[in-house]
Amino acid sequence: MAEIKPIRPWRFNDELSKNIDNLTSPLFDVVSDKQRESLYQNQYNSIHLSVPKGPDAAESAKKLLKEWKTSGVVKQDEIYGIYVYYQYFTLPGSHKEYCRKGFICNLKAYDWDEKMLLRHENTMPGSVNDRIEILEKTQLNVSPTHGLYTDETFELEQYMDESMKTPIYETEDYQGVRDVLSVIHDAEIIKRFVALIEEKQIILADGHHRYEGSLMYRQKMMAENKNHTGKEGFNYHLMFLTNTEADDLRILPTHRLIKNIANFDPQELLKKLEPYFILKPVDDPHNINEIILGKPWAFGLLFKDFAIKVRLKPEMINEIKWNFPQEIKELDLTVMHYFIIEKALGIEGKDQRASDKLIFDRSFGDCLAKVITEEVQMAIITNDISMEDVKKVCYSGYTMPQKSTYFYPKVICGFLFSSIKEDEFQSPLYSCF
């Protein structure tokens with residue numbers, strides 16, 4: 001089943017780590033241009049490895065990493081460990097503090113058809129190619145992707161809680177989240193982590209592009225090394241694993257923005273929706289996300305001058321002609337993409353992934369502003385997705401559209417880096433791993 005290994009990561013030296021806040025950065029696919037330029041001002045910030053700049057960015061990252069290793073900016077830990085990572089956060093409108101608990105390790109980069117690791121959304125080729133190039137040049141996993149395992153007994157949490165009594169780092173990140181890192185070195189406890197995960201399938205929650213970059217690089221290296229053993233560094237990928245059964249796993253909604261529709265007419269669109277949906281005008285568009293909250297198959301449609309709540313007529317669910325199992329047809333996302341985006345807006349399902357008419361945005365405020373300023377023609381506001389919905393999709397073998405889920409909070413980059421370079425990946429003689 002799923003194979004994990006403890007890691008011996010590279011980390012910033014003790015002196016630099018005293019100001020770890022200045023070394024961390026957002027993941028490559030969520031960092032804004034403004035954040036990026038600000039972070040570049042610090043010569044030691046992790047952004048230089050995760051989102052290197054310049055005409056040959058991957059080569060620049062390779063040279064910089066070599067300099068950092070040689071000069072001692074980063075040092076490799078002597079002992080293998082499971083790195084425990086907790087994220088403390090609140091959500092808008094609530095004072096309750098959540099804590100997402102997990103641990104960082106290496107996971108075998110399984111092919112999708114092996115069914116050891118399950119994906120729930122598709123990737124964009126351009127982003128994957130960028131990640132492969134940086135991985136190939138640096139031989140370094142700069143940040144962990146986010147994976148999910150299921151354990152109703154919560155066995156590993158007791159070890160993680162104990163480890164958190166002596167944290168290595170603690171910082172508040174760009175999201176306002178408190179990130180804390182600790183490590184478990186006890187070999188017997190590490191073996192429990194390995195044994196428990198060995199019995200599980202892993203769901204890829206976030207980081208599809210980075211994972212697919214590792215997978216494609218592994219496939220390339222296996223083809224070039226006919227005598228490979230399966231234990232080489234290129235076989236593994238850095239992952240942050242959390243338990244699906246935890247109450248502190250949060251998935252925020254990702255809304256859809258529509259633009260570039262020729263001869264767009266909101267009233268004509270509503271006429272096309274009437275056979276399928278119950279339509280109800282909303283007086284205050286600022287509240288539409290709360291009005292649809294918790295209601296299945298309900299969406300908010302924002303236009304420049306008005307807003308409408310739509311809810312699918314129950315008998316219409318059987319009108320979906322896409323070749324999906326029933327549990328997938330009944331998901332909010334399927335209803336939205338089939339009835340609103342394909343049937344009413346005319347963007348066929350096969351074209352939606354690459355369409356320039358469809359934009360994903362998780363911020364309700366941004367959606368409202370872009371509609372009012374006519375940056376887009378309309379917004380489709382949706383509910384959040386449950387963990388059970390994600391499981392349904394993964395176990396069915398189907399995938400959601402890209403950017404359909406936003407697991408919150410995002411992990412950060414800069415706490416540790418994991419090498420797949422053979423002389424740095426393989427166990428030292430004194431190690432029991």
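Values in this document were obtained by computation on a predicted structure and should not be read as measured data.
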For [X] and [Y], does a side-chain donor sit closer than 3.5 Å to a side-chain acceptor?
| X | Y | result |
| --- | --- | --- |
| Asp151 | Thr153 | yes |
| Asp248 | Tyr88 | no |
| Thr171 | Arg178 | no |
| Glu245 | Asn243 | no |

If you measure from OH on Tyr80 to CG on Asn106, what distance do you get to the nearest 0.5 Å?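 One finds 8.5 Å between OH of Tyr80 and CG of Asn106.
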Has the side chain of [X] got a donor or acceptor atom that lies under 3.5 Å from a matching backbone atom of [Y]?
| X | Y | result |
| --- | --- | --- |
| Arg131 | Glu212 | no |
| Asp77 | Ile79 | no |
| Asn225 | Asn227 | no |
| Asn141 | His237 | no |
| Glu232 | Glu422 | no |
| Tyr98 | Gln87 | no |
| Trp297 | Met336 | no |
| Thr382 | His255 | no |
| Glu348 | Glu342 | no |
| Asn45 | Asn22 | yes |

Out of the candidates [options], only one should pair with [X] under the ring-ring contact (aromatic ring centres under 6.0 Å, His included) rule; please name it.
| X | options | value |
| --- | --- | --- |
| Phe415 | Phe240, Phe12, Trp10, Tyr169 | Tyr169 |
| Phe103 | Phe193, Tyr85, Tyr86 | Phe193 |
| Tyr211 | Tyr236, Tyr217, Trp112 | Trp112 |

Tightest non-hydrogen contact, residues Ile288 and Gly300, listed as CD1-CA, 3.4 Å
In chain order, what residues pass the side chain to side chain donor-acceptor pair (under 3.5 Å) check against Arg250, with sequence neighbours excluded?
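For Arg250 there are no side chain to side chain donor-acceptor pair (under 3.5 Å) partners, ignoring immediate neighbours.
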